[in-house]
Structure formats: structure tokens, C-alpha cells
Amino acid sequence: MSDSTIYALSTVFGKSGIAVIRISGNEVLHILSKMTDINIATIKPRRAYFCTITKKESSELFLHNN
């Protein structure tokens, strides 16, 4: 098994009100702390969390425009 941290979009690509992203690997908590405002001390495996993904240094939302 690989030690790589991986992610994948789990919802259909395109315009949508919500996107589900799956992340797994050794660096998940580090990545979440850089991209979201989730308190990583409360994260539990195999749970879903609703959050906004931002570029923390600028608070700019990650959006995809077609």
C-alpha cells in the first residue's frame, strides 16, 4: 500500500451547489488545516464534514467557472 495522500472528486464535474471530495493518506489533517476552517482535532475517520474550501492566505474561495 502506498503512503501517498490522494484526493478525488466524488460528485459529478460541472455546476453544482455542493461538491464531495474524498481525501485519504498520511497528510489529510495537514491538508485540511490549510484549506478549510475545520477544527482538525474533532475530525473522525469515515465521516462527512461540510465546509468551505478557501485559499487561506487570501480567503479566496476555490471555484471552478465554466
Side-chain angles (χ1 to χ4, degrees):
M1 184 181 292
S2 173
D3 289 336
S4 298
T5 299
I6 60 171
Y7 67 94
L9 182 62
S10 296
T11 49
V12 177
F13 180 77
K15 293 183 181 181
S16 153
I18 190 168
V20 176
I21 301 169
R22 295 181 62 195
I23 307 172
S24 63
N26 294 334
E27 297 295 319
V28 169
L29 296 179
H30 176 72
I31 291 168
L32 287 175
S33 71
K34 292 208 168 275
M35 296 174 54
T36 71
D37 58 358
I38 294 175
N39 179 354
I40 61 170
T42 63
I43 294 290
K44 295 181 182 176
R46 294 179 258 317
R47 299 285 193 269
Y49 294 87
F50 183 79
C51 65
T52 301
I53 299 175
T54 61
K55 296 178 184 177
K56 285 228 166 169
E57 58 277 354
S58 67
S59 296
E60 181 182 350
L61 292 176
F62 278 102
L63 298 174
H64 184 280
N65 296 319
N66 287 335

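For reference, positions follow the sequence shown, starting with 1. Hydrogens, waters and symmetry mates are skipped; everything else that's a heavy atom, side chains included, is used.
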Next on the checklist: Do I21 and M35 land in one hydrophobic cluster if side-chain heavy atoms of ILVMFWY residues count as linked below 4.5 Å?
Outcome noted: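 Yes; tracing contacts between hydrophobic side chains, which count when under 4.5 Å, links both residues.
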Item to check | Hydrophobic cluster identity match, L9 and V20, side-chain contacts under 4.5 Å | outcome: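 Looking at the clustering, V20 is in a separate group from L9.
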Next on the checklist: Among residues at least two apart in sequence or on other chains, which ones pass side chain to side chain contact (heavy atoms under 4.5 Å, CB included) with S24?
Outcome noted: I6
Checklist entry - Does some side-chain heavy atom of T5 sit less than 4.5 Å from a side-chain heavy atom of I31? => result yes
Which side-chain N or O atoms in residues 40-50 pair as donor and acceptor under 3.5 Å with protein atoms at least two apart or in another chain?
residue, atom, partner, partner atom, Å
T42, OG1, N39, O, 2.7
Y49, OH, K44, N, 2.8

Next on the checklist: Please determine whether side-chain contact (heavy atoms from CB on, under 4.5 Å) holds for the pair I23 and L32, giving the CA-CA distance in whole Å, both sets of side-chain angles, and the decisive distance to 0.1 Å.
Outcome noted: CA-CA 9 Å; I23 307 172; L32 287 175; 4.2 Å; yes
Item to check | Transitive ILVMFWY cluster of V12, excluding itself - 4.5 Å side-chain cut-off | outcome: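 For V12, no cluster forms, as it stays isolated from other hydrophobic side chains.
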